[in-house]
There are 2 protein chains.
Amino acid sequence: MTKAERTRHFIVEKAAPIINKKGMAATSINDIVEATALTKGSVYGNFESKDEICLEAFDYLVKRVVADMSMAMSRASTNRDKLFALFDYYFNTVAQQEGNYGCPLMNFGTEADDTNPVVKHKVSKAIQTTENLIAKIVKAGIDAGEFKPSFDAEVFSIKAFAMIEGGMWIARLQGNTKQMQVIVDALKQEINDYCK
Amino acid sequence: MTKAERTRHFIVEKAAPIINKKGMAATSINDIVEATALTKGSVYGNFESKDEICLEAFDYLVKRVVADMSMAMSRASTNRDKLFALFDYYFNTVAQQEGNYGCPLMNFGTEADDTNPVVKHKVSKAIQTTENLIAKIVKAGIDAGEFKPSFDAEVFSIKAFAMIEGGMWIARLQGNTKQMQVIVDALKQEINDYCK
DNA sequence: AATTTTTTATACCGATCGGTATATTTTAAG
DNA sequence: CTTAAAATATACCGATCGGTATAAAAAATT
């Protein structure tokens, strides 16, 4: 790992939470310079443009969410518990307000949808990946004889993901997790209803 | 209605869709000057700051959504049909891509949640109002003997609103309404299940 | 250790940002 | 029609924007 690679990574690490919080357009190079305690010349020696930093920051944030989520689910043995762990992960991250600036998919996606086709496409793919992940677990549960075959994996994955993203968005704006709790409980209830 | 009042309204009308599309921070006074074909002096003769324009634009957009939604629901006679009309309204607005830049609550809320407490509070109130509206219709349906008393109005309103906001967000990023259709169908299904 | 290459710091670029002072024009009151 | 008041246009402000040329410093190669 060369010095430049390490510095690139360092810059992304410091910039990502700021961009996730303030938005891409509202985050200035100066914000990043201050956060890294580097200079503008150093930043532009490692990145071609602010846009490139934003793209890498997005990838970094998504990778971290995926890693944390996988970690949380890995401890579960049944498919039911995997889904529960997934929902709990989302609930817990949004519940801990400290240093949590919301789901990067939501933040980057909402800003990019009418202005930044590259980011928009990245978010779109991440949405599909997450939904597929949920559907896959449901299907595995059906195959394992854990869930009833009438459990519609596609429909549930769409409903669950939309509800979780919507719920996290509401929780952040309301400043509490009351409604997110209702949503997670309802999703768990639906899973239990389809358990044999 | 004085000239100034008319001009204020005119500016808000022209600025609102731009702010909803690009975001508050990314929309410049120059964007508004161009859209209105006025001059900067004229704009600042009618508004104290860009912030004030953003606030009025938000109010304007929300009022329009509420008006359109009420109109769509007014044609329904039963509470079931009112809920159906509400869901169809959201589906139809997100389905018409032309000139639709997404739900103002979603756009303003996501940008404001970590940066603009005033807008954040406005969005928070609007979320509560919309959820209460849904819950109220469900309760009215129960009272009218239309729905089973086991239909939990609070839980349903939270689930439905989160799912619709999440669904519209997904539809805009994916560029199609496939998943929003699944969501609306699922919500209608749930209502029908609670119909007597 | 010497030298070449890479990385970082300084100083600056034109453009644009939100906002304002003031002159001109338009509107409304008498 | 006159005139006072309100609204609009012009020209400008300092600050900040993203980005760059170049010099100084640090790292890597020999």
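By convention in this document, chain letters (A, B, ...) are assigned in the order of the sequence lines, proteins followed by strands, and residues within each chain are numbered from 1.
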**Q.** Pairs involving residues 105-122 of chain B, ordered by first then second residue, that meet salt bridge (charged side-chain N to carboxylate O under 4.0 Å, His left out) (sequence neighbours left out)
**A.**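 Every salt bridge (charged side-chain N to carboxylate O under 4.0 Å, His left out) pair that includes a residue of residues 105-122 of chain B, provided the two are not neighbours, is A:Arg172-B:Asp113, A:Arg172-B:Asp114, B:Asp59-B:Lys122.
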Q) Rounded to the Å, how far apart are B:Glu5 CD and D:dA6 P? A)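 B:Glu5 atom CD is separated from D:dA6 atom P by 13 Å.
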(Q) Tell me the interatomic distance from B:Ile32, atom CD1, to D:dT8, atom C1', rounded to whole angstroms. (A)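 In whole Å, D:dT8 C1' and B:Ile32 CD1 are 17 Å from each other.
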Q | Sugar-phosphate or base contact per nucleotide [nucleotides 12-30 of chain C; S, B, -; heavy atom under 4.0 Å] | A | -----SBBB----------
**Q.** Inter- and intrachain pairs under ring-ring contact (aromatic ring centres under 6.0 Å, His included), touching residues 109-142 of chain A, at least two apart
**A.**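 ring-ring contact (aromatic ring centres under 6.0 Å, His included) check on residues 109-142 of chain A returns no pairs.
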Q.
Going by side-chain hydrogen bond (donor to acceptor under 3.5 Å, both in side chains), name the pairs with one or both residues in residues 34-52 of chain A, residues two or more places apart or in two chains.
A.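 Sorted pair list: A:Arg8-A:Glu52.
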Q. If only side-chain N and O atoms of B:Asn46 are considered, is one of them under 4.0 Å from the OP1 or OP2 phosphate oxygen of D:dA7?
A.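 Checking D:dA7 against B:Asn46, no side-chain N or O comes under 4.0 Å of OP1 or OP2.
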Q. How would you list, by chain and number, every residue that makes a ring-ring contact (aromatic ring centres under 6.0 Å, His included) with A:Phe151, sequence neighbours excluded?
A.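 Applying ring-ring contact (aromatic ring centres under 6.0 Å, His included) to A:Phe151 gives A:Phe147, A:Phe156, A:Tyr194.
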Q. Residues in ring-ring contact (aromatic ring centres under 6.0 Å, His included) with A:Phe87, at least two apart?
A.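 Checked A:Phe87 against ring-ring contact (aromatic ring centres under 6.0 Å, His included); zero matches.
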